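One structure is given below, encoded as structure tokens.
If you read the sequence from its start, that first residue is 1, and numbering goes on from there. Bear in mind that the values here come from a model prediction, so they are computed numbers and not experimental data. Reckoned from all heavy atoms, side chains included, excluding hydrogens, waters and symmetry mates.
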Amino acid sequence: GVERLWKTVGERVIEILNGEEHFPHTVSYPKELFFIIQSNWDVFTNMGTGEPWWILGNMRRDSLQDIVDNFERTKSIGLRVIYNVSLKDLAKQYGDPSSRLINGGVENLWLADYCEQQMAERR
């Protein structure tokens, strides 16, 4: 009767495929929303990470209004994916239902794989 502290990737894939969809799927809304500016002036929101698909703009090249518009209109690849690509689709494409690896946030790994693929297709 003890609740397990972990699930395998395979169990998580099956759970996602049998579950309901919700958006955004891999992040939760922060209590406070703010922007992060890196040393190279690239701007990100605290809803994502510092990976290239979360860039909203660059303070040296883009106006503050353009950066805010990019956030509000989900122009970064990362924002578009979490709001428009279902977690079920990511699980189908990248998940392995037979995997016995322990799930350590595999949804974020799938998100990264998908975003990297999108960036590669743009090049």
(message) Please check this pair: side chain of E11 against backbone of T8, looking for a donor-acceptor N/O pair closer than 3.5 Å.
(response) yes
(request) Check whether the side chains of S63 and Q65 place a donor and an acceptor atom closer than 3.5 Å, and report yes or no. (result) no
(message) If you define the side chain from C-beta out and look only at heavy atoms, does anything of D66 sit under 4.5 Å from R61?
(response) no
(request) For residues F34 and I36, determine if any side-chain heavy atom of one lies less than 4.5 Å from a side-chain heavy atom of the other. (result) yes
(message) Is there a side-chain contact between V81 and L111 in this structure, where contact means two heavy atoms from C-beta onward sitting under 4.5 Å apart?
(response) yes
(request) Answer whether the closest heavy-atom distance between the side chains of Y114 and V85 falls below 4.5 Å. (result) yes
(message) I need the minimum non-hydrogen distance between C115 and G78, along with the two atoms involved.
(response) SG-CA, 4.0 Å
(request) For the pair N46 (side chain) and F35 (backbone), establish whether a donor and an acceptor sit closer than 3.5 Å, ignoring hydrogens and angles. (result) no
(request) Establish whether W53 and F23 are linked, either directly or via other cluster members, by ILVMFWY side-chain heavy-atom contacts under 4.5 Å. (result) no
(request) Please report the closest heavy-atom contact between W54 and M47, naming both atoms and the distance. (result) CH2-O, 4.2 Å
(request) Calculate, to the nearest 0.5 Å, the distance between atoms CD1 and CD belonging to I77 and Q117 respectively. (result) 11.0 Å
(request) Could you go through the side chain to side chain contact (heavy atoms under 4.5 Å, CB included) check for W110 and V106 one step at a time? (result) CA-CA 6 Å; W110 298 336; V106 71; 3.3 Å; yes
(request) Considering non-hydrogen atoms only, spot the tightest contact between P52 and M119 and give its length. (result) CB-CE, 3.6 Å
(message) Assess the residue pair V9 and R100 against the criterion (side chain to side chain contact (heavy atoms under 4.5 Å, CB included)); give the C-alpha distance rounded to whole Å, side-chain angles, the decisive distance to 0.1 Å, and a yes or no.
(response) CA-CA 6 Å; V9 170; R100 295 186 173 272; over 6 Å; no
(message) Could you check whether any side-chain heavy atom of L56 comes within less than 4.5 Å of a side-chain heavy atom of K75, counting everything from C-beta outward?
(response) no
(request) Can you measure from CD1 (I55) to CG (D42) and round to the nearest 0.5 angstrom? (result) 4.0 Å
(request) Can you sort out the partners of K7 under salt bridge (charged side-chain N to carboxylate O under 4.0 Å, His left out), two or more places apart, ordered by chain and number? (result) E15
(request) For residues V13 and G95, report the shortest heavy-atom separation together with the two atoms involved. (result) CG2-CA, 3.7 Å
(message) Less than 4.5 Å apart, side chain to side chain, heavy atoms only: is that true for R73 and R80?
(response) no
(message) Are more than 12 heavy atoms, taken from residues, nucleotides or ligands other than E21, located less than 6.0 Å from that residue's CD atom?
(response) yes
(message) According to ring pair (Phe, Tyr, Trp, His ring centres under 6.0 Å), who are the partners of Y83, at least two apart in sequence or on a separate chain?
(response) none
(request) Find the distance between CD1 (I102) and CZ (R12) and round it off to the nearest 0.5 Å. (result) 15.5 Å
(message) Taking the side chain as everything from C-beta on, heavy atoms only, tell me whether D96 gets closer than 4.5 Å to L101.
(response) no
(message) What I'd like to find out is whether the side chain of T45 reaches to under 4.5 Å of the side chain of L33, using heavy atoms alone.
(response) yes
(message) Show the nearest heavy-atom pair for residues G57 and I67, with the distance to one decimal.
(response) CA-CG1, 4.0 Å
(request) Kindly indicate, with the supporting measurements, whether the criterion side chain to side chain contact (heavy atoms under 4.5 Å, CB included) is fulfilled by L79 and I82. (result) CA-CA 5 Å; L79 286 172; I82 64 171; 4.2 Å; yes
(request) Consider only side-chain heavy atoms of I, L, V, M, F, W and Y, link residues closer than 4.5 Å, and tell whether L87 and I14 are in one cluster. (result) no
(message) Could you go through E116 and E121, starting from their C-alpha distance and side-chain angles, then the distance that decides it, and tell me whether this counts as side chain to side chain contact (heavy atoms under 4.5 Å, CB included)?
(response) CA-CA 9 Å; E116 284 179 3; E121 289 174 3; over 6 Å; no
(message) Would you compute the distance between atom CG of D62 and atom CG of D69 and round it to the nearest 0.5 angstrom?
(response) 11.0 Å
(request) Calculate, to the nearest 0.5 Å, the distance between atoms CD and OG belonging to Q93 and S86 respectively. (result) 10.5 Å
(request) Ignoring hydrogens and angles, state whether a donor on the side chain of Y94 or E107 is under 3.5 Å from an acceptor on the partner side chain. (result) no
